[in-house]
Trainee: 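Supplied in structure tokens, the structure appears directly below.
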Amino acid sequence: MTVDANLVEAGNQAVAAGRAESLSGWVNLALAEREAKERRLLAMAEAVAEYEARFGAISAEEIAAQQRADQKAAIVVRGPRRARTRTTRTRGRAA
């Protein structure tokens, strides 16, 4: 097995910073997280396949309509975005 040197260094830094007990523990956690992600993706793919087998293929229009409904129903946590205004900076400039 070959592991990218940058990833080994990131793991070693996590150990040095106290975010992981050992490099092997850090790698095991990463592999477990990847395996769980792939299980979720497989379950979603199976659910979509079952839905489409029962009701027909999901169209691009249906997906777009659902995206619009999701955006409309979403709760903004950060607050509304403000328009950026351009300010003139004079600090540090010679007149």
Trainee: Find out whether Glu52 and Ile58 are in side-chain contact, i.e. whether some heavy atom of one side chain is under 4.5 Å from a heavy atom of the other.
Mentor: yes

Trainee: Not counting sequence neighbours, which residues clear side chain to side chain donor-acceptor pair (under 3.5 Å) with Gln71? List them please.
Mentor: none

Trainee: Which value, rounded to the nearest 0.5 Å, describes the distance between Asn6 atom CG and Gln13 atom CD?
Mentor: 9.5 Å

Trainee: Thinking salt bridges, do Arg39 and Glu35 make one under a 4.0 Å N-O criterion?
Mentor: yes

Trainee: Rounded to the nearest 0.5 Å, how far apart are CH2 of Trp26 and CZ of Arg19?
Mentor: 9.0 Å

Trainee: For residues Val15 and Leu23, report the shortest heavy-atom separation together with the two atoms involved.
Mentor: CG2-N, 3.5 Å

Trainee: About how many Å separate OG of Ser24 and CG of Leu29, when rounded to the nearest 0.5 Å?
Mentor: 11.5 Å

Trainee: For Glu50, what residues pass the salt bridge (charged side-chain N to carboxylate O under 4.0 Å, His left out) criterion, not counting sequence neighbours?
Mentor: none

Trainee: Grouping I, L, V, M, F, W and Y whenever their side-chain heavy atoms are under 4.5 Å apart, do Met44 and Ile63 come out in a common cluster?
Mentor: no

Trainee: Do Glu38 and Arg34 have side chains that get closer than 4.5 Å, going by heavy atoms?
Mentor: yes

